Amino acid sequence: MAHDHDHDHSELSPAQLRVRALETVLTEKGYVDPAALDVLIETYEKKVGPRNGARVVAKAWTDPEYHAWLLKDANPAIASVGYAGRQGEHLVVVENTPRRHNMVVCTLCSCYPWPVLGLPPVWYKSAPYRSRAVVDPRGVLRDFGVELPADTEIRVWDSTSEVRYLVLPMRPAGTDGWSEDKLADLVTRDSMIGTGLPKQPGGAA
Amino acid sequence: MTDGVHDMGGARGFGKVEPEPDEPPFHAAWERRAFALTIAMARPGGWNVDMSRAARESLPPQDYLAKSYYEIWLAGLEKLMAERGLVARDEIEAGHALHPPQPVRGTLSPGDVAQVLYRGAPTAREPTGPARFAVGDRVRTRAVSVPTHTRLPRYVRGHVGVVELVHGCHVFPDSSALGAGENPQWLYAVRFSGRELWGVDADPTTQVSVDAWDAYLEPA
């Protein structure tokens with residue numbers, strides 16, 4: 001069993017002790033199978049993450065038919081690349097343009113499109129982001145080092161339902177003829193949340 | 001509930017957002033187990049996502065603000081289990097089962113995980129009638145404070161917006177969280193201007209939407 005249990009209880013934090021106690025009780029009562037916990041953890045540490053979303057974005061950048069399908073009916077379009085399921089049952093893709101920049105938040109908790117982005121980062125779940133994204137999105141973008149033209153519309157999507165939003169960022173200039181794989185390397189997690197922009201060819205973010 | 005501390009949109013004073021370069025999915029071994037225990041217990045526990053959120057939101061405000069994310073998950077999980085008599089306080093203190101288990105509807109097995117995650121828990125339901133609003137309609141959100149679970153944030157309360165998307169019919173969290181049935185309703189993305197929400201001095205380029213169920217809205 002791949003438990004992270006060490007042997008000296010005196011060095012464990014209250015949270016570590018609490019979780020260990022809970023897991024033991026729930027296992028002894030037959031409510032959970034620790035091996036299933038291992039599979040859950042491995043899934044979200046190794047398999048489900050922002051590389052999934054990056055593949056979807058790169059495909060949309062190179063394939064006009066896929067691009068149109070993704071914006072019209074995101075779930076089947078994304079499932080066709082192999083991604084679906086928990087916390088992504090109802091996906092909507094919103095596209096950045098020179099006039100409109102999209103940003104996604106969950107002010108009430110931490111709703112996030114797991115199948116394409118994995119588990120949310122700490123900042124996404126934190127009070128500073130949840131409180132400010134809807135009232136001062138340009139200030140939040142500055143926290144990420146992003147400055148957009150003063151006349152660009154900033155369109156914030158607060159994920160208050162089971163609908164999950166994924167931002168389709170603009171394809172960087174100077175990438176004509178690039179393969180999907182090469183383009184996917186430019187697509188950052190933050191560019192699909194809307195707090196960042198894709199990397200530029202040549203290295204600058 | 002509305003007006004709880006979890007309802008953070010527009011709150012002031014929380015400071016800068018601090019991105020972490022190359023952030024890992026988990027920051028400690030116990031976070032991995034807390035995450036997985038919470039996911040795995042939903043099947044034997046029999047609760048839904050709305051009940052889970054309601055449990056986390058009902059923490060005392062000072063605890064909600066002081067706890068880390070997975071500490072909030074753990075506290076929510078303990079509350080849901082205690083309410084159903086699945087685990088007793090003395091068992092957590094002892095670190096061992098002391099009482100017989102409750103009969104449960106099933107346990108998540110390692111071989112089920114991939115399929116359970118892939119299937120997810122869709123909330124869309126067949127409509128039983130036409131949508132009340134169409135894209136482009138002006139709507140006003142209800143100006144009420146709700147003591148039980150709801151998904152209408154306070155910062156849009158009583159404000160006028162425009163329907164931008166019609167998402168179909170979805171399980172209504174206000175009912176579902178109480179175990180009062182799914183009560184599916186039409187769900188809309190409703191867009192508000194920054195000036196409507198935050199006043200005439202707000203950045204004129206800001207537009208904010210929430211997803212709002214039919215019961216949250218009236219024609220404007």
Side-chain angles (χ1 to χ4, degrees), chain A residues 4 15-16 18-19 21-26 28-33 35-37 39-41 43-45 84-90 92 107-110 118-119 121-123 125-132 134-135 137-138 140 143-144 151-158 160-163, chain B residues 6-11 14-20 23 25-26 29-30 32-37 39-41 44 53 69 71 74 86-87 91-92 95-97 101 104 107-110 113 117-124 151 153 155 165 167 170 187 198 203 205-211:
Chain A
D4 300 285
Q16 286 172 298
R18 193 84 174 172
V19 174
L22 268 180
E23 183 171 340
T24 304
V25 172
L26 297 178
E28 288 177 356
K29 294 195 132 187
Y31 300 151
V32 300
D33 178 344
L37 306 184
V39 177
L40 279 165
I41 293 161
T43 302
Y44 288 102
E45 283 201 312
R86 190 185 177 91
Q87 289 298 311
E89 294 90 343
H90 307 288
V92 170
T107 63
L108 296 174
C109 50
S110 54
L119 300 179
V122 167
W123 61 258
K125 306 177 284 193
S126 72
Y129 186 68
R130 286 165 55 186
S131 60
R132 275 177 62 219
V134 291
V135 63
R138 282 183 189 273
V140 168
D143 291 350
F144 286 85
D151 60 350
T152 301
E153 178 190 322
I154 312 289
R155 178 69 173 84
V156 183
W157 301 82
D158 189 355
T160 56
S161 75
E162 297 313 311
V163 174
Chain B
H6 71 283
D7 186 358
M8 289 180 168
F14 283 113
K16 287 182 67 163
V17 181
E18 293 182 13
E20 176 187 343
E23 179 171 344
F26 302 102
W30 72 265
R32 293 187 180 90
R33 305 313 282 183
F35 165 79
L37 281 171
I39 303 289
M41 273 306 293
R53 291 196 186 114
Y69 185 71
E71 287 173 342
L74 272 182
L86 292 167
V87 173
E91 295 179 301
I92 301 175
H96 285 286
V104 294
T107 298
L108 184 65
S109 72
V113 170
L117 295 178
Y118 195 82
R119 198 168 55 228
T123 55
R151 295 293 286 180
Y155 74 89
L165 299 172
H167 289 308
H170 283 256
L187 177 70
W198 313 111
D203 180 347
T205 63
T206 298
Q207 300 278 324
V208 181
S209 70
V210 301
D211 290 336

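The structure presented is a predicted model; accordingly, all values stated were derived computationally and were not measured. Lettering follows sequence order; numbering is per chain, from 1.
Rounding to the nearest 0.5 Å gives a distance of 8.5 Å between CG of B/Leu74 and CZ of A/Arg18. In this structure, B/His96 NE2 and A/Glu28 CD are separated by 5.5 Å, a value rounded to the nearest 0.5 Å. Rounded to the nearest 0.5 Å, atoms NE2 (B/His170) and NE2 (A/His90) are 5.0 Å apart. Distance CZ/B/Phe14 to CZ/A/Arg130: 8.5 Å, rounded to 0.5 Å. Summarising the geometry, atom OH belonging to A/Tyr129 is positioned 15.5 Å from atom CD belonging to B/Glu18; distances are rounded to the nearest 0.5 Å. Rounding to the nearest 0.5 angstrom, the gap separating the SG atom in A/Cys109 from the CG atom in B/Asp7 is 10.5 Å.
Contact annotation for A/Pro137: only side-chain heavy atoms (C-beta onward) come within less than 4.5 Å of a heavy atom of chain B. Contacts between A/Leu108 and chain B at a heavy-atom distance below 4.5 Å involve backbone atoms as well as side-chain atoms. Using a 4.5 Å cut-off between heavy atoms, B/Val87 contacts chain A through both its backbone and its side chain. Contact of B/Val104 with chain A is made through the side chain alone, with heavy-atom distances under 4.5 Å. With a threshold of 4.5 angstrom between heavy atoms, A/Val92 approaches chain B through side-chain atoms but not through N, CA, C or O. Proximity to chain A (any heavy atom under 4.5 Å) is restricted, for B/Pro44, to the side chain, taken from C-beta onward.
B/Arg32 contributes no side-chain N or O that, together with a main-chain N or O of A/Leu37, makes up a donor-acceptor pair within less than 3.5 Å. Between the side chain of B/Trp198 and the backbone N or O of A/Val134 there is at least one donor-acceptor pair closer than 3.5 Å. No donor-acceptor distance shorter than 3.5 angstrom exists from the side chain of A/Glu89 to the backbone of B/Gly120, with no hydrogens or angles considered. Using a distance-only test at 3.5 Å, with no hydrogens or angles considered, no donor-acceptor pair links the side chain of A/Glu23 to the main chain of B/Leu37. Side chain of B/Arg151 to main chain of A/Ser161: no donor-acceptor pair is present (N/O by atom type, distance under 3.5 Å, no hydrogens or angles). Side-chain atoms of A/Lys29 come within 3.5 Å of backbone atoms of B/Leu86 as a donor-acceptor pair (strictly under, hydrogens ignored). Remark: the backbone N or O of B/Asp211 is paired with a side-chain donor or acceptor of A/Thr160 at under 3.5 angstrom.
Side-chain contact check for B/Glu20 versus A/Trp123: every heavy-atom pair is 4.5 Å or farther apart. Using a 4.5 Å heavy-atom cutoff, the side chains of A/Leu119 and B/Phe35 are in contact. Counting only heavy atoms from C-beta outward, the side chains of A/Trp157 and B/Leu165 approach each other to under 4.5 Å. Looking at B/Arg33 and A/Leu22, their side chains never come closer than 4.5 Å, going by heavy atoms from C-beta outward.
The minimum heavy-atom distance between A/Thr43 and B/Val113, with the atom names listed, is OG1-CG1, 4.5 Å. Residue A/Asp158 comes nearest to B/Pro153 through the heavy atom pair OD2-CG, 3.9 Å, listed as atom of the first residue, atom of the second, then distance. A pairwise comparison of heavy atoms in B/Ala11 and A/Ser131 identifies O-CB, 3.3 Å as the closest pair. The two residues B/Ala40 and A/Val32 have their closest heavy-atom pair at CB-CG1, 4.2 Å. Shown here for A/Pro128 and B/Gly15, the closest heavy-atom pair between the two residues is CB-O, 3.4 Å.
A/Arg155 and B/Ser209 share a donor-acceptor pair across their side chains, judged by distance under 3.5 Å alone. Using a 3.5 Å distance cut-off with no hydrogens or angles, the side chains of B/Tyr69 and A/Ser110 do pair a donor with an acceptor.
For chain B, the option among A/Arg86, A/Arg132, A/Gln87 with the highest count of heavy-atom pairs below 4.5 Å is A/Arg86. Taking A/Ala21, A/Gly118, A/Ala15, A/Gly88 one by one and counting their heavy-atom pairs under 4.5 Å with chain B, the maximum is reached by A/Ala15. Contacts with chain A were tallied for B/Ala34, B/Pro19, B/Pro110, B/Ala36; B/Pro110 has the most, counting heavy-atom pairs under 4.5 Å.
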Run the side-chain contact (heavy atoms from CB on, under 4.5 Å) check on A/Leu40 and B/Leu117 step by step: do they pass?
CA-CA 9 Å; A/Leu40 279 165; B/Leu117 295 178; 4.1 Å; yes

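Salt-bridge check for B/Arg53 with A/Glu162: passed, with a basic side-chain N closer than 4.0 Å to an acidic carboxylate O.
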